[in-house]
Structures are given as C-alpha cells and as structure tokens.
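Below you'll find the structure, written out as structure tokens, and then a few comments.
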Amino acid sequence: MSSHPVAETVASLMPRAKAELTELVAFKSVADFDQFPKSESEGAARWVADALTAEGFQDVALLDTPDGTQSVYGYLPGPEGARTVLLYAHYDVQPPLDESAWTTPPFELTERDGRWYGRGAADCKGGVIMHLLALRALKANGGIPVHVKVIAEGSEEMGTGGLERYAEAHPELLAADTIVIGDAGNFRVGLPTVTTTLRGMTLVRVRIDTLAGNLHSGQFGGAAPDALAALIRVLDSLRAEDGSTTVDGLAGDAAWDGLQYDAEQFRKDARVLDGVELIGSGTVADRIWARPAVTVLGIDCPPVVGATPSVQASARALVSLRVPPGMDAAEATKLLQAHLEAHTPWGARVSTEQIGQGQAFRADTTSPAYQAMADAMAVAYPGEEMQYAGQGGSIPLCNTLAALYPRAEILLIGLSEPEAQIHAVNESVSPEELERLSVAEALFLRNYAAS
C-alpha cells in the first residue's frame with residue numbers, strides 16, 4: 001500500500017471498519033419478507049442512516065420505496081460551486097442458502113485465512129463501509145472537495161425495482177455529475193478494475209398443464225402427457241449441444257474486445273469440477289460479458305423424498321435470461337416467452353409471466369471521471385494499471401440513473417472479486433481490497449474535484 005497520507009489514514013481506520021462491518025453483517029437483511037423478518041432489513045437501514053448522520057450528512061432519510069423496502073439517502077454539502085458525486089451501495093443481501101454449509105455462521109463476520117467471511121461482506125455491505133472509509137479519510141486530510149450524496153438500496157438482490165421507481169418519481173433526488181456504484185469488483189484481487197458493461201436481465205415464470213390432476217404412473221403412464229416431462233423438454237430447448245443459449249430470434253455471437261478471462265483461471269474461479277467442460281463457444285469473456293445466457297433458477301415439482309408413482313398434471317419453472325449491452329431486455333423477454341410457448345410439446349397448455357426485468361448498461365470510458373479514477377487507482381495499487389472489464393450480472397439501477405441523468409458519468413467499482421464468492425456459501429471480503437479501494441475512492445473524489 002502507498003505511503004500517501006490518505007492511505008495511511010485509511011489503514012488506521014481499518015479496525016473500526018471491521019467492527020462496523022461486523023455490526024452490519026449481523027442484520028439478516030434479505031428483502032424477501034416471506035423468508036426473513038422485515039425488521040432485520042429495517043434495522044440495517046437504520047444502521048446506515050445513523051452512520052451517515054454521525055458523519056455530518058444532512059437530509060438523512062429512510063425512503064419508503066414502492067416495493068415495500070427502504071433505501072437510505074443522505075447529502076453532505078461540499079465547497080460552494082463544487083461538483084456533486086453520488087455514492088451507491090446496497091445493504092440488502094442474498095439469502096445464505098444452506099447455513100449448515102457455511103464454515104462459520106453467515107451473519108457473523110469471521111476472520112479466517114486473511115479474509116472476512118459473512119453474507120454481504122463483499123456484496124454489498126462492504127461497499128457501504130468503503131464509502132464511509134473514503135469520506136473519513138478525506139475529512140482527515142483537508143476535507144471533502146465535492147458535494148456528496150449517498151444512496152443505500154434495500155432490495156437490489158430481489159430485483160423488484162423499488163429504488164428505480166422511487167428515483168423516477170423524484171428525479172431531483174439522486175441528480176449528480178458523477179455516480180460511483182460500489183457494487184462491482186476487481187477482475188482479481190490486486191488488479192484495479194472498473195466495470196464498464198453490465199448485462200441486463202429478465203425473469204420469466206413458465207407453467208405447463210396437461211391433466212386435470214395427477215395420475216397413477218402404472219395405470220396411465222406411457223400415454224398420459226406428463227407436464228414435468230414437457231417442461232424438461234422445453235427447458236432443454238434453450239440450450240444447444242455445447243450449452244450455448246439458444247432462444248429463437250436472439251443473437252448469440254457477439255464478441256468482447258476488452259480484458260480477456262483465461263479459461264483455466266475461470267474454471268478455478270467458478271470451481272468447476274475436474275473433467276466437467278465449460279459450456280458455450282467463443283472466449284470466456286464473450287460468453288459471460290457479451291452474449292445472452294439463460295439459467296433455470298428453479299422448478300416446482302415433487303421432491304425425491306416422498307415422491308409418489310404419479311404422472312404430473314402441472315409443472316412450473318423460473319427462467320432467467322441475462323441480456324448483453326446492445327440488446328433490448330423487453331424485446332429479449334418477448335423472444336424468450338415466444339420460444340417457451342413454441343417449444344412446448346404435445347399440445348400442452350403453456351403460460352408465461354414476466355416477473356422482473358432490467359436493461360443492460362455500457363459506460364462512457366472516455367470521460368474525465370475515468371481518468372480521475374485511473375490516477376487514483378495507480379496510487380492505491382502501485383505498479384498496476386486500471387483495467388476495463390465487463391460483468392455478467394445486472395444492476396438495473398444503472399440504466400435508470402443513466403436515463404434520468406444522461407450527462408452524468410457512471411463508474412462501477414467494488415469488492416466482489418472472484419474469491420469473494422458472492423451469492424454462494426462462505427462469501428467473504430478481502431480487507432486489503434477494502435482498504436485499497438477506499439483509498440482509490442477518496443483520491444478519485446479529490447482528483448475529480450480538481451479536473
């Protein structure tokens with residue numbers, strides 16, 4: 001780490017950062033209130049609001065968004081005539097999945113082998129702490145040279161769009177010259193990276209019905225149309241022999257011309273089992289950043305334990321389609337629904353329902369903000385040049401902000417590098433990455449103010 005005064009200040013603040021992240025991770029702030037108490041999310045929101053208030057933010061508010069969750073807003077005025085920078089993170093997290101599979105409890109921040117483990121440690125409660133560290137470091141080294149707005153979302157992982165709709169209804173609230181989204185990550189630990197593209201996403205629920213009720217498979221099987229078998233055939237039609245996504249009418253041959261992702265490194269990052277092939281064609285970067293990708297997220301069907309010898313009368317699945325930049329998510333949704341309906345066999349009844357959607361995003365990397373960030377990264381990561389990478393995930397808010405504020409520059413950084421294993425069991429954050437990125441963000445704000 002650099003001996004820069006800002007870096008020294010951030011280093012001195014790391015014990016406090018760990019204590020605060022421990023408090024924040026302890027909230028089971030999953031924005032699915034059928035599974036987790038709403039009070040857990042509300043508690044996390046209050047924690048963020050209190051932290052902003054303690055830093056001198058004005059107009060701190062818990063915003064009740066249309067999806068029933070809360071986003072936290074605060075404004076910290078800077079020098080007269082200064083630019084405004086919006087800092088984004090989200091405090092909601094993915095469910096922990098199988099808690100018994102975690103080495104340590106998911107909602108207890110635990111240090112192990114040089115990393116801090118806990119749900120949300122990297123995605124994205126660590127992002128909240130990163131913003132706080134950067135601002136504190138600037139306060140201790142001459143002050144904050146820009147107006148700062150902070151927004152911490154409460155339902156990003158659910159994709160229910162509460163903050164997007166709130167922002168559209170209150171367009172002045174998040175207006176800024178530059179927006180730093182703290183919800184991405186370096187390509188690998190120690191390699192400073194700004195994410196310049198995000199895939200969009202659509203979620204479609206498909207249901208197939210064939211019978212008035214389940215039937216005995218011995219008496220009727222062989223002639224009675226099985227809804228589960230029909231669904232399996234439909235879902236299989238979404239992939240070619242090599243595993244590539246095949247949705248009728250949807251292009252799948254785009255190429256990525258930026259930073260490349262070594263196939264062996266990807267296998268390691270994705271923890272692909274020995275002997276199992278990667279799917280798709282083209283480079284790994286083509287597949288995960290530039291092309292559509294379908295995933296079956298869930299199927300409603302009888303579990304193996306307790307199953308009876310029955311022909312199934314109905315079956316459902318939830319299908320996700322990731323949509324690359326340059327492809328309209330609404331059009332992709334229509335193509336996906338048409339494909340599912342067209343490939344349903346045996347005249348079975350099929351219905352599809354879209355339950356979520358977000359557009360893809362592409363940043364303008366020629367902007368002054370990108371140069372300011374590159375210069376900041378060079379100090380925080382000595383000897384490393386800032387890289388531009390894509391990300392296969394979706395942050396629908398990016399497109400909402402880009403549409404609301406077309407002149408704003410948007411940068412995506414964060415703590416979700418591959419070792420973080422976000423959304424999986426044993427999610428963790430590298431404290432070194434938290435420290436370096438906090439330095440980078442602080443110096444970016446200073447560089448940007450002077451540019």
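As the structure is a computational prediction, the values presented were derived from the model and not from experiment. One is the number of the first residue; the rest follow in order along the sequence.
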- request: Report the C-alpha distance between Gln94 and Glu157 in whole Å, list the side-chain angles of each, state the deciding distance to 0.1 Å, and finish with yes or no for side-chain hydrogen bond (donor to acceptor under 3.5 Å, both in side chains).
  value: CA-CA 6 Å; Gln94 284 282 337; Glu157 299 291 7; 3.1 Å; yes

task: Determine, stepwise, if the pair Asp236 / Leu238 fulfils side chain to side chain contact (heavy atoms under 4.5 Å, CB included).
output: CA-CA 5 Å; Asp236 183 59; Leu238 294 169; over 6 Å; no

task: Please report the shortest heavy-atom distance between Ala424 and Trp102, naming the atom on each side.
output: O-CZ2, 3.8 Å

Check residues 296-303 and write down every donor-acceptor pair under 3.5 Å in which the side-chain atom is one partner and the other belongs to a residue at least two apart or another chain.
unit_1	atom_1	unit_2	atom_2	d
Asp300	OD2	Arg316	NE	2.9
Asp300	OD2	Arg316	NH2	2.6

- prompt: If you count the non-hydrogen atoms of other residues, nucleotides and ligands that lie under 6.0 Å from CD in Glu172, is the total more than 12?
  reply: yes

message: Consider side chain to side chain contact (heavy atoms under 4.5 Å, CB included). Of Leu401, Leu198, Ile395, Thr400, which one does Phe361 pass it with?
response: Leu198

message: Apply ring-ring contact (aromatic ring centres under 6.0 Å, His included) to residues Phe187 and Tyr261 and explain how you reach the verdict.
response: CA-CA 9 Å; Phe187 183 67; Tyr261 203 151; 4.7 Å; yes

side-chain hydrogen bond (donor to acceptor under 3.5 Å, both in side chains) evaluation trace for Thr333 with Gln357: CA-CA 8 Å; Thr333 301; Gln357 178 183 291; 3.3 Å; yes

Check: residues 212-227 side-chain donor-acceptor pairs under 3.5 Å, at least two apart:
unit_1	atom_1	unit_2	atom_2	d
Asn214	OD1	Ala313	N	2.8
Asn214	ND2	Gln312	OE1	3.4
His216	ND1	Gly218	N	2.8
His216	ND1	Gln219	N	3.2
Ser217	OG	Pro309	O	3.2
Asp226	OD1	Leu228	N	2.8
Asp226	OD1	Ala229	N	3.2

task: Answer yes or no: is there an ion pair linking Arg165 with Glu168, defined by an N-O contact shorter than 4.0 Å?
output: no

message: Restricting to non-hydrogen atoms, name the atom on Ile208 and the atom on Ala348 that form the minimum distance, rounded to 0.1 Å.
response: CG2-CB, 3.8 Å

message: Is it the case that the side chains of Ser29 and Ser41 hold a donor-acceptor pair, with the cut-off being a distance below 3.5 Å and no angle test?
response: no

Ala44 to Phe27 - nearest heavy-atom pair and separation: N-CD2, 3.6 Å

message: Once you measure the plane-to-plane angle for His343 and His339, does it fall in the parallel (<30°), tilted (30-60°) or perpendicular (>60°) bin?
response: parallel

query: When you check the gap from the basic side-chain N to the acidic O, do Arg188 and Glu417 get nearer than 4.0 Å?
result: no

Check ion pair Arg207-Asp209 (N to O, under 4.0 angstrom): yes

field: Lys149 (side chain) donor-acceptor with Leu173 (main chain) under 3.5 angstrom
entry: yes

